[in-house]
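Have a look at the structure below, then the notes.
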Amino acid sequence: MIKKTLTLSLALASSLLANKTNILFIFSDDHATQAISAYGGRFAKVAPTPNLDRLADEGMLFKRCMVTNSICGPSRATILTGKYSHLNGFMVNEKTTFNGAQQTFPKLLQKAGYETSIIGKWHLGSKPTGFDHWDILPGQGMYYNPDFDSPQGRSRVEGYCTEVVTDKALTWLKKERDSSKPFMLMVQHKAPHREWSPALKYLNAFDDVKMPEPSSLFDDYEGRGKAARNQDMSIDISMELGKDLKVKEFDKKGHLAGRIHKRMTAAQLKAWNAAYEPKNQALLEAKPQGKDLIRWKYQRYVKDYLRCIKSVDDSLGQLLDYLDESGLAQNTIVIYSSDQGFYLGEHGWFDKRFMYDESYRTPLLIRWPGHTKEGSKTSKLVSNLDFAETFLEIAGEEIPSDMQGASLVPLLKGEDPKHWRKSHYYHYYEFPGWHMVQRHEGAYDGRYKLMYFYDIDEWELYDLKADPEEMTNQFNNPEYSSVLTHMKQELQKLRSQHQVPKNKIKDVSNPSQKYITNHEAEVIN
Ligand code: SGN
Ligand code: CA
């Protein structure tokens, strides 16, 4: 009798498990919302994103998904833990390793009977915990013929990183997972991270297109502070013709371009040279200077960036097709996001880190058949802080009280929760560091944004309704004094709600890294 009951309850448990929603999380690195057609920005007509647009058409597009700290490792740590950097301990890239002993959503899903897997970029230093399967790129990973680390050690795979990661994910889904269990798979691309190296088959995509320029490409930072003025992330000065823009002759240091070339096979290198050399030759003959050279750099940069996106979009397409073919689509929630946004020439920049909109906002598209209305959009303030709680609620699990976000499930179901957050807290910590962005914190309420660069004691206030490009700092404008008072209160409230330490956080920069600053813009002689 006991045996029979046990068998029955085991059968019940396994059928309950089989009915649980699968979670497919597809994540890229540095993908700006401007570069997704469905977001309707500057590149709406040229962004090569039919599959991302399909996800938006079949699910929900989040217009305001804000990150807690606009940089890779910290964003990933926030996603895993549902906590801000000061509580999960991972505040800057690469200085420390992520403490994998702490509570994370994959661990909780594992306990709930999910099979958990991560494939691709990890960038948290320590080995993944809470995953039944992991196969990750060491560090930043390489675009061509990437290495992977797994419990079996390191191995190199010939091919283009985005495609290799996709193949690995498909193999795991088709052949390796335990199909009696629900799955949570994180497919995490390196692309479109710097130095924006495309798949060989896309090296000539967009050759005949003139990419639209942002109106702030030649921003003079008037009215803004030292942080915006003194960064090291301008297309003019900081973007290198050799390493970043693949004009070999101009690689003064020779490191990255050289590294890529050494890794490529002879056939790959041949295709690479065949694509870039004629275009480079044209540049060398035209010898653009000053603003013309910045314009040329911008075009090369954005085209390579969008070429990388093309492969990310293909990857999503292949995964969506597999869900359809296998019959898994109906019972799988698909999430697309990125570790943060990126500057595609706005303010004259590339890279991220600032709380200004283009890098503070990250894409978020979610398809949840049977629950989320197709083609829906929301302007509610959401965050990568919310992902962990969302996944737990979808899995029917309890949400630990120490997580700091909110489950997105009510929004996904089309509800209008009364007590949704009215403002969002941001904090960036890495200075000195790559691109020399001052540490700052701030509050954003969907219209007004208050930023405080505390090491240099400078404040900035923006009204994004009147000034979506954040060109006019209203901090000293008396007309905004009540807004300022309100936003300062809001910032204080958020700091205490999220247990931000009262004392100024000590310098947490990475002393082992060398930062290039104040170099001069390259010219073509
Ligand atoms: C590398 C890049 C930087 C980039 C950081 C962080 N330099 O160091 O431009 O800001 O990664 O990026 S590179 O010369 O190596 O390309 S992150 O996505 O990992 O946060
Ligand atoms: Ca990133």
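Just so you know, ligand 1 is whichever comes first in the structure, and atom 1 is the first atom listed for that ligand. Along the sequence shown, residues are numbered consecutively beginning with 1. Scope of the values below: all heavy atoms of this structure, side chains included, with no hydrogens, waters or symmetry mates. Owing to the predicted nature of the structure, the values given are computational and were not obtained by experimental measurement.
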Might you work through the ring pair (Phe, Tyr, Trp, His ring centres under 6.0 Å) test for Phe25 and Phe391, ending with a clear yes or no? CA-CA 10 Å; Phe25 180 71; Phe391 300 154; 5.7 Å; yes
Can we call the ring centroids of Phe431 and His440 under 6.0 Å apart? no
Any N/O/S atom, side chain or main chain, of Ser75 closer to the Ca ion (ligand 2) than 3.0 Å? no
Candidate list Arg224, Glu469, Glu460, Lys449, test side-chain hydrogen bond (donor to acceptor under 3.5 Å, both in side chains), partner Tyr356, passing option: Glu460
Is Glu240 close enough to touch ligand 1? Criterion: a residue heavy atom under 4.0 Å from a ligand atom. no
Can you list the ligand 1 atoms lying under 4.0 Å from a non-hydrogen atom of Trp434? 3 (C), 7 (N), 8 (O), 14 (O)
Candidates Lys190, Lys243, Met239; heavy atom nearest atom 14 (O) of ligand 1 found on Lys243
From the list Phe342, Trp196, Trp434, ring pair (Phe, Tyr, Trp, His ring centres under 6.0 Å) partner of Phe350 resolves to Trp196
Tell me the nearest of His435, Lys352, Arg194 to atom 18 (O) of ligand 1, using heavy-atom distances. Lys352
For Lys121, which part has a heavy atom under 4.0 Å from ligand 1: side chain, backbone, both, or neither? side chain
How wide is the angle at the Ca ion (ligand 2) between OD1 of Asp339 and OD1 of Asp29, to the nearest 10°? 90°
Taking the N/O/S atoms of Asp30 one by one, which is nearest to the Ca ion (ligand 2)? OD1
The atoms of ligand 1 lying under 4.0 Å from a heavy atom of Ile71, numbered in the order shown, are 20 (O)
Determine whether any heavy atom of Arg353 lies closer than 4.0 Å to an atom of ligand 1. yes
Quick one: NE2 on His86 to OH on Tyr429, what's the gap to the nearest 0.5 Å? 6.0 Å
Give the C-alpha distance, both sets of side-chain angles, the deciding distance and a yes or no for ring pair (Phe, Tyr, Trp, His ring centres under 6.0 Å) between Trp459 and Phe453. CA-CA 6 Å; Trp459 294 84; Phe453 297 91; 9.7 Å; no
Both conditions, 6.0 Å and 45 degrees, for the charged tip of Lys380 above the ring of Phe62: are they met here? no
Is Arg42 paired with Glu213 through a side-chain N to carboxylate O contact shorter than 4.0 Å? no
Relative to the heavy atoms of His123, which atoms of ligand 1 are at a distance of less than 4.0 Å? 19 (O)
Atom indices of ligand 1 within 4.0 angstrom of Asp351 heavy atoms, with elements: 4 (C), 9 (O), 10 (O)
Given the options Lys190, Lys121, Arg194, Asp29 meets salt bridge (charged side-chain N to carboxylate O under 4.0 Å, His left out) only with Lys121
Does ligand 1 have an atom under 4.0 Å from some heavy atom of Glu195? no
N/O of Cys72 under 3.5 Å from N/O of ligand 1, yes or no? yes
Considering only heavy atoms, which of Asp29, Asn93, Asp30 lies nearest to atom 6 (C) of ligand 1? Asn93
Should we say atom NZ of Lys279 is surrounded by more than 12 heavy atoms from elsewhere, each under 6.0 Å from it? yes
